[in-house]
Amino acid sequence: EILVKIEKTEFPSIGIGREGERTIYVKNSFPGQIIKGKVKRKKADYAEVKMLEVEEKADYEIEAKCPVFGICGGCSSQNLTYEKQLELLGQEVKELFNKANVTTGEYEGVTGSEFQWEYRNKMERSAVMKRSEIKKLPVRDDAPEPGRDGLQRYQSRSCRAAGRHS
């Protein structure tokens, strides 16, 4: 196991920290957090770490509103204010263009959506949940029935698990 302080993020929401001269990459972590994780891949100049837990939260973190946040994989930054999410995304986008040496003209930032909740249409599944485990997750009464993979009702506009929050 390893402890790492996250210094910045890069697209797509990969936290970056350091251990000596080695760069450490931790998925779904944010600047200011101290992460406890397990090394998945280790090279001479970098390591990829799977987060086990957040040892210390960043001072700007908020309580996630969804009861299945961190379980279903649909939202990775619900523990940040929407403004902070946009700020970090803007930094990540600018860095992508800089690394590619692409000139974009004047950068105007990321435009937020009028919908801050129930709009995500992406889902990542890194582990298989048993149907019996899925049925134990809290779901609104009006949520659609699960699809073939059993997790459809936890997706975003989709994400009906916690209901509309705004």
Side-chain angles (χ1 to χ4, degrees), residues 1-19 23-40 47-98 107-127 129 133-144 146 151-166:
E1 291 185 0
I2 182 175
L3 280 179
V4 60
K5 180 163 184 149
I6 303 302
E7 300 167 3
K8 67 177 194 169
T9 59
E10 72 176 27
F11 188 81
S13 295
I14 304 292
I16 301 174
R18 302 209 54 86
E19 180 187 54
T23 302
I24 308 294
Y25 298 98
V26 185
K27 187 176 179 180
N28 297 330
S29 60
F30 303 99
Q33 290 179 325
I34 296 178
I35 301 301
K36 180 195 281 187
K38 181 177 181 176
V39 176
K40 296 188 317 182
E48 294 175 7
V49 171
K50 177 181 170 126
M51 183 190 320
L52 299 175
E53 66 181 289
V54 177
E55 286 282 316
E56 186 176 313
K57 292 183 176 186
D59 60 3
Y60 53 82
E61 284 187 71
I62 61 172
E63 191 68 33
K65 293 185 179 188
C66 179
V68 292
F69 173 71
I71 298 170
C72 81
C75 305
S76 62
S77 56
Q78 199 179 89
N79 56 328
L80 309 181
T81 64
Y82 189 58
E83 293 74 23
K84 189 66 174 181
Q85 292 177 40
L86 296 177
E87 175 190 326
L88 292 173
L89 178 60
Q91 292 170 3
E92 292 173 10
V93 168
K94 286 195 302 189
E95 184 66 20
L96 285 173
F97 283 108
N98 289 339
Y107 180 72
E108 296 181 4
V110 175
T111 302
S113 170
E114 62 181 283
F115 303 105
Q116 292 184 26
W117 303 103
E118 296 188 355
Y119 69 90
R120 289 166 174 85
N121 59 7
K122 169 184 168 255
M123 184 171 148
E124 294 182 15
R125 291 167 287 195
S126 58
M129 292 179 76
E133 292 171 331
I134 293 168
K135 289 180 180 178
K136 293 177 186 174
L137 295 173
V139 179
R140 277 188 4 201
D141 291 338
D142 62 342
L151 291 177
Q152 178 181 341
R153 63 179 161 180
Y154 303 104
Q155 289 176 334
S156 59
R157 177 160 219 74
S158 75
C159 186
R160 305 285 180 180
R164 194 161 204 64
H165 300 292
S166 56

The complete set of salt bridge (charged side-chain N to carboxylate O under 4.0 Å, His left out) pairs with one or both residues in residues 81-94, sequence neighbours excluded, reads K84-E87
Heavy-atom closest pair, residues [X] and [Y]:
{"X": "F30", "Y": "S77", "result": "CZ-CB, 3.6 Å"}
{"X": "L88", "Y": "T9", "result": "CD2-OG1, 4.1 Å"}
{"X": "V4", "Y": "R18", "result": "CG2-N, 3.9 Å"}
{"X": "L52", "Y": "E1", "result": "CD1-OE2, 3.6 Å"}
{"X": "I2", "Y": "E19", "result": "CD1-OE2, 3.5 Å"}
{"X": "G15", "Y": "S29", "result": "CA-OG, 3.2 Å"}

So do V26 and I14 actually touch side chain to side chain, heavy atoms under 4.5 Å?
-> no
Could you check if a side-chain atom of V54 sits within less than 4.5 angstrom of a side-chain atom of I34, using non-hydrogen atoms only?
-> no
Is Y60 reaching over with its side chain to a backbone N or O of G32, donor-acceptor style, under 3.5 angstrom?
-> no
Spell out, as yes or no, whether a donor-acceptor pair under 3.5 Å connects the side chain of E7 to the backbone of P31.
-> no
Would you mind telling me which of Q85, K57, E61 makes a side chain to side chain donor-acceptor pair (under 3.5 Å) with N79?
-> E61
More than 12 heavy atoms of other residues, nucleotides or ligands under 6.0 Å from CD of E108: is that the case?
-> no
About how many Å separate [atom2] of [Y] and [atom1] of [X], when rounded to the nearest 0.5 Å?
{"X": "I35", "Y": "I6", "atom1": "CD1", "atom2": "CD1", "result": "5.5 Å"}
{"X": "L89", "Y": "T111", "atom1": "CG", "atom2": "OG1", "result": "10.5 Å"}
{"X": "C66", "Y": "Q78", "atom1": "SG", "atom2": "CD", "result": "5.0 Å"}

Check ion pair E55-K36 (N to O, under 4.0 angstrom) | yes
